[in-house]
Amino acid sequence: MTRVLITGITGFAGSHLADYLLEKTDLKIYGIKRWRSRTENIEHLMGKIEFYECDLRDASSVRDLIEVVRPDMIFHLAAQSFVPTSWSAPAESLETNIMGELNLFEAVKRTGIDPLIQIAGSSEEYGAVEEDEIPIKETTPLRPLSPYAVSKVGQDMLAYQYFKSYGMRIVRTRGFNHTGPRRPPVFVCSDFAKQIADIERGVKHPIVEVGNLKAVRDFTDVRDMVRGYWLALARGTPGEVYNICSGVGRRIGDVLSTLISIGNVEVDIEVDKRKLRPSDVPRLIGDSTKLKTATGWQPTIPFEETLENILNFWRESN
Ligand code: GDD
């Protein structure tokens, strides 16, 4: 049995990755959680996965974990992942994301095992892309526009350096926006969908509060995204970096219109200034040719279906 460790398994992408990997019969899955982690995303995984208490910011805690689990593959998804939080708590974002990864690498190195390791980077790393750099390739310069994006560039470069310096078998992915059921409501599609579901059930005034509707993002269903993580690690080349994206740019205002058209209520739209960011990346549209060529990955779930799934998720949540 191949021993697979998922960090961030209690989160959105981590729990979907666990669902996907559990369909494979030759894997034994391990997950980590902190004593105060929320567990609603993993209740259905209890009994199928071995959980360990570990805080990635604590080097000794990570070393103990790696010595016990001795994984053959690691998917490193644990992170502070909400861009606005990185402005209100920049040090926390940098420490969680960069030091957490450093502790993981050092623990692996000291234990003397040689696992395949996936590092979940982000399209936010590209930041201020020029018009003629779209669609974004892996070779496009990194010009981060938020502390979160800087933390992801740090993770990306640290992974590159540990591959180069120590020959660790690390594959980096740069995931563009991904969404789906279980997405926390601070992120845009879930934020809008939850507001519409609340209006439908009469617990909110018929006003959807929004931020910057002009931004353009490239969305992939989370279930396609986690399959990309798996394929990148299982079939990709250590030391390489792969974009994971649909290649389609969507204006956030259009995403809102689609969600409103799926909903059953008339709503007004109001800009909430608190949702506007000091700098918002205007346009992120990616090119995933490298991943497709290396692994055969293709996105399969149409975006409209993803949005319907998200709205239904919030309709069914109390
Ligand atoms: N959250 C939110 N809420 N965003 C809004 C709103 C709103 O009401 N209105 C407009 N937006 C805009 C944001 O300004 C941003 O341009 C876009 O919608 C997407 O926002 P988020 O869903 O918060 O995601 P993100 O693009 O900042 O970051 C996500 O994608 C990255 C990959 O590109 C996160 O998942 C990151 O962790 C991930 O790395």
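Order of listing sets the numbers, starting from 1, for every ligand and every atom in it. Everything quoted here is computed from the prediction, not taken from an experiment.
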Close side-chain approach of W230 and Y20, heavy atoms under 4.5 Å: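 With C-beta onward as the side chain, the pair touches.
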Protein residues that have a heavy atom under 4.0 Å from any atom of ligand 1, sorted by chain and number: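 Heavy-atom contacts below 4.0 Å: S81, F82, V83, S122, S123, E124, Y148, G175, F176, N177, R183, V186, F187, V188, D191, F192, E209, V210, G211, N212, A215, R217, I252, K275, R277, D280.
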For T139, all residues meeting side-chain hydrogen bond (donor to acceptor under 3.5 Å, both in side chains), sequence neighbours excluded: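 Checked T139 against side-chain hydrogen bond (donor to acceptor under 3.5 Å, both in side chains); zero matches.
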Salt-bridge contact E131-R283 (side-chain N to carboxylate O under 4.0 Å):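 R283 and E131: salt-bridged.
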side-chain hydrogen bond (donor to acceptor under 3.5 Å, both in side chains) contacts in which one or both residues fall within residues 71-81, not counting sequence neighbours: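 Residue pairs with at least one partner in residues 71-81: T7-H76, Q80-S93.
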side-chain hydrogen bond (donor to acceptor under 3.5 Å, both in side chains), paired with T306, selected from D224, T220, T179, D221: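 That would be D221; it is the only one of D224, T220, T179, D221 passing the side-chain hydrogen bond (donor to acceptor under 3.5 Å, both in side chains) with T306.
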Any residue meeting ring-ring contact (aromatic ring centres under 6.0 Å, His included) with Y160, in chain and number order, not counting sequence neighbours: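 Y160 satisfies ring-ring contact (aromatic ring centres under 6.0 Å, His included) with no residue once adjacent residues are dropped.
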